[in-house]
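Every chain is numbered from 1, with letters handed out A, B, ... down the list of sequences.
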Number of protein chains: 4
Amino acid sequence: MPRAVREQQMMDAAVRTFGQRGYRAASMDEIAELAGVSKPLVYLYLNSKEELFTACIRREAQALVAAVQAGVEVGAAADRQLSSGLGAFFAHTASNPDGWAVLHQQARTHGEPFAAEVAAMRDEIVAFVTGLIGAAARETHGDSDLLQRDVAGLAQALVGAAESLAAWANDAEGVSAKEAAATLMNFAWAGLGNLMRGERWVPSSR
Amino acid sequence: MPRAVREQQMMDAAVRTFGQRGYRAASMDEIAELAGVSKPLVYLYLNSKEELFTACIRREAQALVAAVQAGVEVGAAADRQLSSGLGAFFAHTASNPDGWAVLHQQARTHGEPFAAEVAAMRDEIVAFVTGLIGAAARETHGDSDLLQRDVAGLAQALVGAAESLAAWANDAEGVSAKEAAATLMNFAWAGLGNLMRGERWVPSSR
Amino acid sequence: MPRAVREQQMMDAAVRTFGQRGYRAASMDEIAELAGVSKPLVYLYLNSKEELFTACIRREAQALVAAVQAGVEVGAAADRQLSSGLGAFFAHTASNPDGWAVLHQQARTHGEPFAAEVAAMRDEIVAFVTGLIGAAARETHGDSDLLQRDVAGLAQALVGAAESLAAWANDAEGVSAKEAAATLMNFAWAGLGNLMRGERWVPSSR
Amino acid sequence: MPRAVREQQMMDAAVRTFGQRGYRAASMDEIAELAGVSKPLVYLYLNSKEELFTACIRREAQALVAAVQAGVEVGAAADRQLSSGLGAFFAHTASNPDGWAVLHQQARTHGEPFAAEVAAMRDEIVAFVTGLIGAAARETHGDSDLLQRDVAGLAQALVGAAESLAAWANDAEGVSAKEAAATLMNFAWAGLGNLMRGERWVPSSR
DNA sequence: CATGAATGAGCTTTCATTCAT
DNA sequence: AATGAATGAAAGCTCATTCAT
């Protein structure tokens with residue numbers, strides 16, 4: 001069996017094991033067995049547990065970014081692009097929960113080098129969302145004095161909310177990717193509108 | 001030294017170690033040393049690593065719930081109660097990062113029993129928030145058909161958005177934590193209002 | 001059983017195993033079993049294979065130096081001191097072949113840090129021998145123009161020869177420590193006499 | 001490329017690796033890579049690590065013996081033959097340190113079979129030297145009762161002394177290798193003369 | 001002739017846990 | 001109430017060795 005194929009099998013097994021057991025609790029023995037190969041072969045191809053983990057992170061990050069980009073309705077209005085991207089994001093994480101767990105839970109909690117790998121992907125997504133929100137603002141409400149920083153903050157909040165909801169939607173039965181995306185769009189849109197109108201929440205008098 | 005005090009010292013050490021190293025990477029040796037006691041004593045008082053972890057989760061969960069409940073301005077309008085509760089939540093997690101890491105990152109990724117412990121706490125908070133939101137809904141908009149699930153999703157999204165904003169505010173120069181919190185409340189309140197009024201985002205035609 | 005005693009047992013086993021199998025071929029499993037303890041205890045007390053090896057080297061080096069110093073006839077003429085020291089050296093290495101193998105064969109061939117440990121001991125012995133040879137020269141032949149460097153070279157050669165002979169005498173049956181020492185004294189004394197008389201070997205004419 | 005050449009390349013790589021890393025630490029992987037061939041080819045030609053090691057020992061032993069034999073001035077006086085033989089020995093070992101390490105350090109410490117291989121070579125050299133010394137004895141001092149064992153001991157001592165002097169000459173500034181070699185021959189010839197004349201060192205009275 | 005693919009066995013090291021005192 | 005002493009079990013990693021092609 002050619003090396004490239006074997007490597008993918010190993011990484012499939014590794015993502016599943018890392019995602020379900022956690023980085024530390026996942027044993028190379030288990031990964032090898034799940035991949036249907038011997039342990040030395042895993043080391044021969046992927047060198048060490050750390051490198052294997054890094055390879056998983058990179059592969060899953062690229063897959064996620066690719067899924068989101070493929071989901072965006074190019075040419076549509078910015079809000080629809082955002083909404084379809086969110087839908088693709090929720091759909092991908094829902095259909096690939098172990099990969100999402102690796103990125104969201106494992107990579108961020110086991111050392112700077114791993115976290116940096118995910119941070120790069122996240123920055124890419126945030127930049128993409130920031131661009132969309134800015135475009136949406138111009139399209140929907142015309143030019144405004146919306147500050148760059150406000151848009152950036154909103155994008156950060158939106159991405160964070162989406163990440164958090166992804167984990168939750170996977171657990172709670174009956175929440176579809178589309179529903180989750182719609183709920184989030186409601187928030188984002190409302191928040192965006194308020195920001196542009198300069199309306200901020202002020203506490204009630206009582 | 002009385003047993004109760006010793007136990008708290010051990011749990012302090014355990015929370016710090018679990019939070020920083022992760023459940024698996026934390027060793028009983030390190031915890032005992034950090035607590036300034038011998039390892040057998042840790043076992044005498046807390047029986048096993050799992051039970052020690054469970055005890056930490058429970059203590060930190062109760063502390064968090066207590067902090068939130070203590071933070072709400074009783075008798076104020078519902079929005080102010082929500083706002084003050086959120087403030088207390090963020091203040092507590094920020095000042096107690098190891099405890100929050102134990103609840104948020106460790107407990108959820110190391111087996112059903114631990115996750116259940118945290119879920120119970122979250123349900124308690126969600127119920128509390130649901131009550132507040134219900135009151136707010138009646139006060140501000142009359143009756144509404146807000147579902148429990150919507151509120152839970154909102155809570156989840158809020159936490160994710162808050163974490164994301166916190167990290168961003170720390171990194172980006174010139175963005176204060178206060179501004180980030182304001183953005184968040186703004187975001188939450190606007191979205192909540194929309195949800196309660198039954199106003200939902202509808203896609204642009206293009 | 002108190003820690004100090006156990007540690008000596010472990011080092012006894014380690015010296016024997018390192019001496020007979022070699023550093024790499026010696027397994028911590030075998031050492032632990034030979035010492036009658038479990039492997040983790042070896043690690044608890046001696047930290048790692050490298051540190052265990054270092055501890056063995058240090059102990060055996062000190063034992064050898066002590067044996068030689070104890071064997072020297074204090075107050076006797078320099079040549080007798082040298083002879084008795086050599087005898088003690090051969091006797092010690094013969095009765096403790098594993099220790100000698102650790103110092104002479106293993107420590108020198110497994111990395112700078114280990115070799116340095118033995119080099120320090122060797123320098124001590126060489127200095128001692130250099131002093132004796134100098135004294136012997138003055139006693140036996142009166143003052144001469146013997147150069148410091150010649151004495152040092154002779155001492156180096158003598159110690160090297162002794163080290164080499166020790167390994168050989170252990171293998172060949174029937175060579176006693178005294179015989180080996182006497183043989184070596186013959187060489188050393190003859191060489192010393194020649195050096196002092198300025199007589200050097202010159203090739204035959206044919 | 002013909003088999004014989006390939007085999008020599010592999011053995012070159014093996015001698016270098018065995019000499020520098022030691023028998024156990026040397027890996028077949030490294031040897032194959034250094035030889036520029038694939039691992040199975042090494043096995044096809046040389047069967048196993050043990051056989052490869054044995055082949056190296058044999059080749060290096062023959063090379064050493066050949067170098068010594070080629071170095072002696074045939075027809076010269078016995079002392080000159082001995083001197084030239086010693087010179088050739090030191091020249092060869094100095095210019096081929098890995099081979100010498102294999103013979104002197106590795107082969108003797110990794111099991112009877114390997115040690116026996118070297119012992120055979122040593123016996124050959126010792127027999128050769130014994131012949132020379134016997135001739136020298138007859139030439140210079142008439143018949144003597146020199147035992148084979150004495151000669152073997154002398155050879156052993158000489159090697160040790162030479163190694164020690166070489167290391168010392170390398171370290172100590174201002175001592176040339178030639179001076180050290182002269183000291184050694186001086187030492188050897190004087191001691192040898194004493195032995196052959198039956199003159200032995202006798203302890204001082206004090 | 002030569003190699004990419006693959007593995008059984010063994011190594012050093014760590015950890016949660018217990019017992020005798 | 002508290003600990004020094006001790007271990008079974010398992011983890012990450014490496015290595016000599018073999019096949020199918």
Would you say B/R21 has more than 12 foreign heavy atoms packed within less than 6.0 Å of its CZ? no

Regarding the side chain of A/M1, the nearest nucleotide among F/dA11, E/dT12, E/dA6 is E/dA6

If only atom types and distance count, is the side chain of D/H104 paired as donor or acceptor with the main-chain N or O of D/W100 below 3.5 Å? no

Taking for each residue the nucleotide of DNA chain E with the nearest heavy atom, is it B/S27 or C/E50 whose nucleotide lies nearer the 5' end? C/E50

Comparing D/N47 with A/A26, nearest DNA chain F nucleotide closer to 5' gives the residue A/A26

Centre of C/F18's six-membered ring, under 6.0 Å away, within 45 degrees of the axis: is that where NZ or CZ of C/K49 sits? no

For D/Q105 and C/R108, does a side-chain donor sit closer than 3.5 Å to a side-chain acceptor? no

Does atom CD of C/E51 have more than 12 heavy-atom neighbours from other groups under 6.0 Å away? yes

Assign each of B/L41 and B/R24 the nucleotide of DNA chain F bearing its closest heavy atom; nearer the 5' end lies the nucleotide of B/L41

Which part of the nucleic acid does C/R3 contact within heavy-atom distance under 4.0 Å: base, sugar-phosphate only, or nothing? sugar-phosphate

Mapping A/L44 and D/R6 to their closest nucleotides on DNA chain E, which lands nearer the 5' end? D/R6

What does A/A25 touch in the nucleic acid at a heavy-atom separation under 4.0 angstrom: a base, only the sugar-phosphate, or nothing? nothing

Starting the side chain at C-beta, find the nucleotide from E/dT12, F/dA16, F/dT7 nearest to D/M28. F/dA16

Every protein N/O lying under 3.5 Å from an N/O of nucleotides 19-21 of chain F:
none

Counting only side-chain nitrogens and oxygens, does A/Y45 get under 4.0 Å of the OP1 or OP2 atom of E/dA6? yes

Between F/dT7 and C/K39, counting only base atoms on the nucleotide and side-chain atoms on the residue, is there a donor-acceptor pair under 3.5 Å? no

Quick one: label B/A32 by what it contacts on the DNA or RNA (base, sugar-phosphate, nothing), any heavy atom closer than 4.0 Å. nothing

Which of parallel (below 30°), tilted (30 to 60°) and perpendicular (above 60°) describes D/F114 and D/F53? perpendicular

State whether the side chain of A/E60 and the backbone N or O of A/G99 hold a donor-acceptor pair below 3.5 Å, judged by distance alone. no

Angle between terminal axes - the helix from E/dA2-F/dT21 to E/dT21-F/dA2, 5 pairs each end, rounded to 10°: 20°

Rounded to the nearest angstrom, tell me the gap between atom CD in C/E30 and atom P in E/dT13. 16 Å

Heavy-atom count check: over 12 atoms from other residues, nucleotides or ligands less than 6.0 Å from A/R16 CZ? no

